[in-house]
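A short worksheet on the structure shown next.
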Amino acid sequence: MELKNDDRERRRSMSHGRTSSNGSSLRRGSLSLSSVFPNQMDDDIESERVSEAGDIGDHALNSKRYSESGSLRFSADHAIENGIVFPTQEDTLLHPIGFWSRDLSTLNSVSPVSPLVEEIMAPLSTDGILRPVDEKKDEEKVLPQSLEYISCLVHLAVFGILGVLTRYLLQKLFGPAVAGVTSDTTILYLDLPSNMVGSFLMGWIGVVFKQDISEVSDFLAIGLSTGYLGSLTTFSGWDQKMLDLSVDGKWLFSVLGYLIGLFLAAYSIEFGVETAKGFRWLMEKHPANSSNDLSAKSWRANSRKCHLSMILMMVLSLGSLWALSAIKLKREFGNGGSDAQLWLGCAVGPVGVWIRWFLARLNGRGLGKTGLLKWVPFGTLIANVSAACVMAALSTMKKAVNTKTCDTVATGIQFGLLGCLSTVSTFMAEFDAMRHSKHPWRAYAYAIATIAVSFGLGILIYNLPVWIKGYE
């Protein structure tokens with residue numbers, strides 16, 4: 001019974017990025033069913049699953065899922081008409097939606113009889129494959145694609161600003177002025193607490209309970225995981241602090257800062273997943289009464305009116321946050337300092353969140369038409385590396401110009417836009433998914449590649465100019 005419960009929890013948390021995009025992995029894998037062996041298809045599905053574990057961008061939207069369901073049905077029908085033999089229902093076809101089998105012999109087994117379309121499609125969690133598309137649209141697609149994008153962007157912006165504010169508070173709380181745990185001169189960099197807290201919460205919000213949150217609102221799930229947690233954590237800030245240590249000759253501190261930062265963030269998300277599973281177990285062991293269950297279901301935003309009300313509320317919240325940021329920035333800009341940098345960061349932070357969200361559509365696609373290296377989350381990789389490079393360039397500019405205005409503007413952009421463009425929570429979700437896959441070495445290869453490329457380019461962009469020009 002305990003093993004069964006553990007398997008059920010693993011199915012819930014294997015791929016939190018896919019819970020809001022039913023059939024995402026099959027949309028491309030199914031196009032080539034007639035040309036791949038079951039083992040290769042199984043490996044492709046797992047590669048896509050781990051790559052999309054953190055974020056899948058706009059592929060999570062309903063309008064994207066509808067456009068993909070048609071191609072899935074066509075490819076399956078075409079394969080059956082041509083007599084293609086599929087893996088059995090109990091193994092490979094259950095694999096992409098989280099029903100993971102550890103029995104390799106089962107995964108490699110092939111049914112000698114071509115199954116019916118209904119048998120192939122039945123395990124999938126999307127009803128749009130078995131039911132008319134128009135019927136599904138009437139029930140669930142209550143917003144046109146344009147409003148879906150607007151709602152998603154507004155949710156990302158609001159929660160992104162809240163993530164920036166939380167990161168600032170954690171910096172102050174654990175920094176030299178209060179607790180004295182972190183600083184700019186030690187391996188315990190200023191953003192370490194926010195990266196740990198964000199990774200821990202990712203285990204709760206982005207892994208175990210993301211499907212539950214999506215039952216209330218897909219936009220809320222995206223806003224919390226991609227917007228809030230992605231902006232609460234920052235890879236570019238972590239990388240820049242290690243560059244600051246190395247430019248002063250503290251190379252050992254830089255290496256230890258990367259190792260300790262990676263270990264603590266990875267353990268934080270693991271701890272978050274385990275504690276969230278324990279909390280879910282307690283909830284299932286002591287279920288609420290039926291009236292409370294019905295009340296919880298009533299929170300589901302399943303009508304156009306409800307969605308429009310949420311959009312209006314979020315737009316008003318975003319307008320209020322931007323207005324507050326503008327007023328505070330105008331008041332504090334002349335004085336410079338961290339307050340002015342914070343409010344400038346809040347103003348430009350949403351831009352970084354939006355860019356990262358759009359880049360996330362590259363996760364799980366691989367390179368070229370063949371999908372080479374599909375297991376690498378290229379969207380997250382590009383976001384983190386590019387943010388780290390721009391962060392290093394702005395740090396070089398601050399030393400070269402060396403004025404209060406330049407320092408305020410550059411630091412505000414670094415803290416807000418680049419801090420939100422890069423992320424550790426999504427990075428750790430992908431890292432954790434790879435560690436629990438059939439190829440755990442991919443997690444460390446992905447982490448080393450991200451850190452090594454960012455640090456190497458940072459040395460060229462930041463360290464070399466500082467050494468050559470002799471900037472203080």
side-chain hydrogen bond (donor to acceptor under 3.5 Å, both in side chains) for R442 and S47? Distances and angles first, verdict last. CA-CA 10 Å; R442 290 176 173 176; S47 298; 3.1 Å; yes
What I'd like to find out is whether the side chain of [X] reaches to under 4.5 Å of the side chain of [Y], using heavy atoms alone.
| X | Y | value |
| --- | --- | --- |
| L264 | Y267 | no |
| M428 | T423 | no |
| T450 | F431 | no |
| V208 | R280 | yes |
| S338 | Q171 | no |
| F378 | R365 | no |
| D58 | C152 | no |
| F455 | D239 | yes |

What's the separation between atom CD1 in I56 and atom CZ in R361, rounded to the nearest 0.5 Å? 11.5 Å
Just to verify, what does [X] make a salt bridge (charged side-chain N to carboxylate O under 4.0 Å, His left out) with, not counting sequence neighbours?
| X | result |
| --- | --- |
| D339 | none |
| D248 | none |
| R435 | E270, D432 |

Once you measure the plane-to-plane angle for F279 and W204, does it fall in the parallel (<30°), tilted (30-60°) or perpendicular (>60°) bin? tilted
Restricting to side chain to side chain donor-acceptor pair (under 3.5 Å), what partner residues turn up for T403, sequence neighbours left out? none
For D244, which residues count as a side chain to side chain donor-acceptor pair (under 3.5 Å) partner, sequence neighbours excluded? Q240, Y462
If we ignore angles and hydrogens, is there a donor and acceptor under 3.5 Å between the side chains of [X] and [Y]?
| X | Y | answer |
| --- | --- | --- |
| T411 | K398 | yes |
| Y471 | T396 | no |
| D55 | T226 | yes |

Residue set satisfying side-chain contact (heavy atoms from CB on, under 4.5 Å) with A157, at least two apart, ordered chain then number -> L318, P350, W354
Evaluate ring-ring contact (aromatic ring centres under 6.0 Å, His included) for F200 paired with F271, printing each intermediate quantity in order. CA-CA 7 Å; F200 172 81; F271 184 57; 5.6 Å; yes
Counting only heavy atoms from other residues, nucleotides and ligands, does the tally under 6.0 Å from CZ of F209 exceed 12? yes
Using the rule side chain to side chain contact (heavy atoms under 4.5 Å, CB included), only one of V385, L418, L417 pairs with V390; which is it? L418
Compare every heavy atom of M391 with every heavy atom of S236, then report the nearest pair and how far apart it is. OG-CE, 3.1 Å
The ring-ring contact (aromatic ring centres under 6.0 Å, His included) partner of Y446 among W441, W375, F427 is F427
